[in-house]
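First comes the structure, then the notes that go with it.
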Amino acid sequence: QVQLVESGGGLVQAGGSLRLSCAASGRTFSIDVMGWFRQGPGRDREFVARVSRSGGSTVYADSVKGRFTISRDNAKNTVYLQMNSLNTEDKTVYYCAATTLAAPNSWNTWGQGTQVTVSP
């Protein structure tokens with residue numbers, strides 16, 4: 001099993017920056033793709049970004065493209081989300097997720113989330 005724990009959320013003013021971290025533990029050798037999602041009250045969970053096992057391939061949602069950067073450090077079993085030019089629509093709970101080598105096309109492991117608050 002893999003466990004994911006997010007950190008780095010908090011309060012920031014519009015236009016500011018924040019970096020989220022997601023630390024993996026357990027069977028980290030089995031992790032394939034890692035990604036970030038976000039979900040507000042009454043809304044579906046929204047894809048934000050994902051990064052390949054090697055870190056060499058990234059995909060972003062159009063809403064964050066050019067503002068957010070996803071990266072990973074496999075030696076530290078950690079994935080990051082650098083968020084720049086934050087606006088009030090970015091205010092929500094962010095979740096880290098991972099696929100495994102056994103199920104590489106399914107987000108089968110999730111963190112508990114970290115709150116990002118953006119003030120005007």
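Here the structure is a predicted model, which means the values were calculated and not measured. All residue numbers in this chain count up from 1 along the given sequence.
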Next item on the list: Can you see which heavy atom on Leu86 is nearest to which on Val12, and at what distance?
Entry: CD1-CG1, 3.4 Å
Note to self: side chain to side chain contact (heavy atoms under 4.5 Å, CB included), that's the test. Do Leu4 and Val2 meet it? Break it down for me.
What the structure shows: CA-CA 7 Å; Leu4 303 176; Val2 175; 4.0 Å; yes
Note to self: Within a 6.0 Å radius of atom CD on Gln82, are there more than 12 heavy atoms belonging to other residues, nucleotides or ligands?
What the structure shows: yes
Checklist line | Rounded distance (nearest 0.5 Å) linking atom CG of Leu81 with atom OH of Tyr60 | finding: 8.0 Å
Item checked: Evaluation steps, side chain to side chain contact (heavy atoms under 4.5 Å, CB included), between Leu101 and Arg53 -> CA-CA 10 Å; Leu101 294 173; Arg53 182 176 174 87; 3.8 Å; yes
Next item on the list: Kindly say whether Ala97 contributes a backbone atom to a donor-acceptor pair with the side chain of Thr109 at under 3.5 angstrom?
Entry: no
Check: At their closest point, which heavy atom of Val48 faces which heavy atom of Val64, and how far apart are they?
Finding: O-CG2, 3.6 Å
Notebook entry, point to check: Counting only heavy atoms not in Arg45, do more than 12 fall under 6.0 Å of its CZ?
Noted result: yes
Next item on the list: Compare every heavy atom of Asp32 with every heavy atom of Pro104, then report the nearest pair and how far apart it is.
Entry: CB-OD2, 3.2 Å
Next item on the list: Examine the side chains of Thr78 and Asp73 and answer whether a donor and an acceptor come within less than 3.5 Å of each other.
Entry: no
Item checked: Inter-residue atom distance Thr100.OG1 - Asn108.CG, 0.5 Å rounding -> 4.0 Å
Checklist line | Donor-acceptor under 3.5 Å (Ser30 side chain, Arg27 main chain) | finding: yes
Notebook entry, point to check: Does the side chain of Lys91 reach to within under 4.5 Å of the side chain of Val116, using non-hydrogen atoms?
Noted result: no
Check: Rounded to the nearest 0.5 Å, how far apart are CG of Asn74 and CE of Met34?
Finding: 8.5 Å
Next item on the list: State the CG-CD distance between Asp44 and Gln39, to the nearest 0.5 angstrom.
Entry: 7.0 Å
Checklist line | Same apolar cluster (I L V M F W Y, side chains within < 4.5 Å links), Val5/Tyr80 | finding: no
Item checked: Closest approach of Leu18 to Gly8 (non-hydrogen atoms, all atoms of both residues) -> CG-O, 3.5 Å
Note to self: Checking Asn87 against Val118 for the side chain to side chain contact (heavy atoms under 4.5 Å, CB included) test, could you report, in this order, the C-alpha distance in whole Å, the side-chain angles of both residues, the deciding distance, and whether it holds?
What the structure shows: CA-CA 6 Å; Asn87 57 62; Val118 184; 5.6 Å; no
Item checked: Minimal non-hydrogen separation, Glu6 against Tyr94, with atom names -> OE2-O, 4.0 Å
Check: Which heavy-atom pair separates Gly113 from Val93 by the least distance, and what is that distance?
Finding: CA-CG1, 3.9 Å
Check: Using the benzene-type ring in the case of Trp, are the ring centres of Phe47 and Trp36 under 6.0 Å apart?
Finding: no
Margin query: Rounded to the nearest 0.5 Å, what separates atom OG1 in Thr117 from atom CG in Leu11?
Written below: 6.0 Å
Margin query: Tell me whether Arg38 contacts the main-chain N or O of Glu46 through its side chain, where contact means a donor paired with an acceptor under 3.5 Å.
Written below: no
Next item on the list: Output the distance between atom CZ (Arg72) and atom OG (Ser21), rounded to the nearest 0.5 Å.
Entry: 14.0 Å
Checklist line | Trp107/Arg50 under side chain to side chain contact (heavy atoms under 4.5 Å, CB included): CA gap, chis, key distance, verdict | finding: CA-CA 11 Å; Trp107 297 104; Arg50 69 173 186 257; 3.9 Å; yes
